[in-house]
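To start, the structure itself, in C-alpha cells.
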Amino acid sequence: MAHHDEDGARRWRDPKRYLWLLALAVPTLPFQAAGLVALTGAGALWWWGPVFAFVLLPVLDHLTGEDSANPPEQAMPRLEADRYYRWCTYLYLPLQYGALVWACGQWAGGALPAVDGLGLAATTGVVAGVAINTAHELGHKREQWERRLSPMALAQSGYGHFHVEHNHGHHIRVATPEDPASSRMGESFWRFLPRAVVGSLRSAWHLERRRLERRGRRVVSHHNDVLTAWALTVGLFTTLVVCFGAVVLPYLLLQAVLGFCLLETVNYLEHYGLLRRRRPDGRYERVSPRHSWNSNNTVSNLFLFQLQRHSDHHANPLRRYQTLRHFDEAPQLPSGYATMIVIAWFPPLWRRIMDPRLRAHYDGDLSRANVRPETRGTAARAGTAR
C-alpha cells in the first residue's frame, strides 16, 4: 500500500499549476482599465480595479465554487522545491512597478478628468493592496533574496513596517486581545481599522527597537528594518514626483491608503472573534486551525496565492502557497475574501452573517471568543438567548 501511495504521489500533477499565473493579472489592472476605456470610450472604466476585485471575482467565486483538495503528502517536497511557483510571485513586482510608473504618466499628462484620475488611483490601490499579500508570501521564506523582495513590494503602499509586525508580532499574538491585527466580536471594521493601523505601527517599532537594543545597535540607523522600509517608500515617491511633477503626489498617497486599508480589511476577516485560550502557566495555547477563518473558494485563492488557507499558514509559516492545506476543523467563511471584504464594510450585514457562525464555532459559549469588552455582556446574553 505504501509503495502504491508513493507511486501515485510521483505521478500526481498540480491541476492548478498554470492557473496560478492568473494572480499576475492583478498588477496589470491599470493597463486593463486603459484598454477598456479605449475600446468603449467609457471613462468610468478607469475604476476597473474595484469592479474587478469586488464585483467580478465574487461572481466567479460563486460560479466556480470551492476546492478543498490537498496535494498528497508524499508530493509536498517536490511541490515545495519547484521554482516555477516562486517565479509566479517574483513576477508580480516588475508588473506592479511598471503599472505604477505608467499610472503616474497618466496623472501627469493632464488628459484625465479628476474623476477618472481618482478611478485610476483606486485601480492602482487594488494593485498596492494585493502587493502586500505578495510581500506576505515572500517575507515568510528562508531565502534572503525573497525576504528582500518583500519590502520592495510593500513600498508602493507605504506599509513597510508590516514585514516586521506581521512576522514577529501578529504570528506570536494572533487570536488574542493583545494582537492589533485580530478583530473582536462586536467590533466593526471601521472601529478596527484605526486600532489596527496605529497598533501595528507601534508594535513594529517596539519589536524593531527591542531587536536592535539586544544586539547593541542604534535604533535610528540603517540596521532598522522599519526605517529602511519607510525609506524605500520615500525614495520611490520622491523619484516619481521628480520625474512626473508634484501633481502625482496626491494620487500616490491615495492609492497607498487604499492599498493598506484593503490589507486591514483582510486582517479583519481572517481572525474575527477567534480566541486562543490561556494555559495554566499564563501562556496562550498553540495556534491551531480553529484560530483562523478559511475559505476554499477557487478563484479568490488563485488570485491571492492561497492566502485564504490561513490556518495552515499560521501553523506552518514557512510553507509555500502551493502546498497550503485545508483542515476540516478550521472555521469556514461563507464565501471568498473578495465577497467578504465588501461585507465587512457594512457592519450590520457583517454581524448578521458572521456572529451566528462564531457562536456555532464555540457551541454558543462566547466566553471562549475574543469579544470586544464594551459588548461582552450583550454578546453573552445573545448567546444565552440562542
For Trp190 and Trp345, indicate whether the former's side chain and the latter's backbone hold a donor-acceptor pair under 3.5 Å. yes
Check: His170 ring centroid to His136 ring centroid under 6.0 Å: no
Residue pairs passing the ring-ring contact (aromatic ring centres under 6.0 Å, His included) test with at least one member in residues 239-267, sequence neighbours excluded, are Trp107-Tyr251, Tyr159-Phe260
Take atom CZ in Arg147; do more than 12 heavy atoms of anything else shown fall under 6.0 Å from it? yes
Trace of the side-chain contact (heavy atoms from CB on, under 4.5 Å) decision for Thr124 with Gln156: CA-CA 10 Å; Thr124 309; Gln156 180 177 346; 3.4 Å; yes
Gap separating the OG1 atom of Thr123 from the CZ atom of Phe52, nearest 0.5 angstrom: 11.0 Å
Quick one: does any side-chain atom of Thr233 pair with a main-chain N or O of Ala155 as donor and acceptor, under 3.5 Å? yes
Counting only heavy atoms not in Arg277, do more than 12 sit closer than 6.0 Å to its CZ atom? no
Neighbour count above 12 (heavy atom, 6.0 Å) for His223 NE2: yes
Say you draw a straight line from OG1 of Thr265 to CD1 of Ile341; how long is it, rounded to the nearest 0.5 Å? 6.0 Å
I'd like to check Cys88 versus Leu21 (side-chain heavy atoms, cut-off strictly below 4.5 Å). Are they in contact? yes
Near-ring test Phe189/Tyr272, centroid separation under 6.0 angstrom: no
Examine distances only and state if a side-chain atom of Ser188 and a backbone atom of Arg191 form a donor-acceptor pair shorter than 3.5 Å. yes
Thinking salt bridges, do Glu208 and Arg211 make one under a 4.0 Å N-O criterion? yes
Given the rule in the side-chain contact (heavy atoms from CB on, under 4.5 Å) test, do His314 and Glu270 qualify, once you have shown the distances and angles that lead to the verdict? CA-CA 11 Å; His314 271 279; Glu270 284 177 334; 5.7 Å; no
For Arg359 and Leu366, indicate whether the former's side chain and the latter's backbone hold a donor-acceptor pair under 3.5 Å. no
Closest non-hydrogen contact found for Leu254 with Ala121 is CD2-CB, 3.8 Å
Crowded around Arg148 CZ? As in, over 12 foreign heavy atoms under 6.0 Å? no
Does a side-chain heavy-atom distance below 4.5 Å link Val220 with Asn224? no
Just wondering, are more than 12 heavy atoms of other shown residues or ligands nearer than 6.0 Å to CZ in Phe346? no
Heavy atoms of Pro58 and Thr339 approach each other most closely as CB-OG1, 3.1 Å
Any Val127 side-chain heavy atom under 4.5 Å of Pro30 side chain: yes
Answer whether the closest heavy-atom distance between the side chains of Val26 and Tyr92 falls below 4.5 Å. yes
Quick one: side-chain hydrogen bond (donor to acceptor under 3.5 Å, both in side chains) partners of Trp230, sequence neighbours excluded? His161
Side chain Glu137, main chain Tyr321, donor-acceptor under 3.5 Å: yes
Is the side chain of Gln255 donor-acceptor paired with the backbone N or O of Leu252 at a distance under 3.5 Å, no angle test? yes
When you compare the side chain of Asn294 with that of Phe327, does any pair of heavy atoms fall below 4.5 Å? no
If we ignore angles and hydrogens, is there a donor and acceptor under 3.5 Å between the side chains of Asp61 and Ser300? yes
Quick one, Ser203 with Arg173, criterion side-chain contact (heavy atoms from CB on, under 4.5 Å). Give me CA distance, side-chain angles, the key distance, then yes/no. CA-CA 11 Å; Ser203 175; Arg173 300 180 300 234; 2.6 Å; yes
Closest approach of Val126 and Pro50, non-hydrogen atoms and distance? CG2-N, 4.0 Å
Side chain to side chain, Tyr337 and Leu57, heavy atoms closer than 4.5 Å: no
Given side chains that start at C-beta, do those of Arg368 and Leu275 come closer than 4.5 Å, heavy atoms only? no
Quick one, Leu274 with His361, criterion side-chain contact (heavy atoms from CB on, under 4.5 Å). Give me CA distance, side-chain angles, the key distance, then yes/no. CA-CA 9 Å; Leu274 301 176; His361 180 62; 3.6 Å; yes
Would you say the ring centroid of His206 lies under 6.0 angstrom from that of His168? no
To the nearest 0.5 angstrom, please state how far the NZ atom of Lys141 sits from the OG atom of Ser150. 10.0 Å
Looking only at atom types and distance, does a side-chain atom of Tyr268 sit under 3.5 Å from a main-chain N or O of Glu187, one as donor and one as acceptor? yes
d(Leu79 CG, Arg320 CZ) to nearest 0.5 Å is 10.5 Å
Quick check on the 6.0 Å ring-centre criterion: do Tyr84 and Trp87 meet it? no
Taking the six-membered ring for Trp, are His166 and His171 closer than 6.0 Å centroid to centroid? yes
Could Arg142 and Glu80 be called an ion pair, given the rule that one side-chain N must be under 4.0 Å from one carboxylate O? no
Assess whether a salt bridge exists between Glu178 and Arg276, defined as any Lys/Arg side-chain N lying under 4.0 Å from an Asp/Glu carboxylate O. no
Under a 3.5 Å distance rule, please check whether Thr228 uses its side chain to pair with a backbone N or O of His222 as donor and acceptor. no
Spell out, as yes or no, whether a donor-acceptor pair under 3.5 Å connects the side chain of Asp281 to the backbone of Arg283. yes
Interatomic distance, Glu143 atom CD to Leu138 atom CG [nearest 0.5 angstrom]: 10.5 Å
Taking the side chain as everything from C-beta on, heavy atoms only, tell me whether Trp46 gets closer than 4.5 Å to Leu36. no
Donor-acceptor under 3.5 Å (Asn297 side chain, Leu60 main chain): no
Atom pair CD/OG of Gln308 and Ser292 - distance to nearest 0.5 Å: 12.5 Å
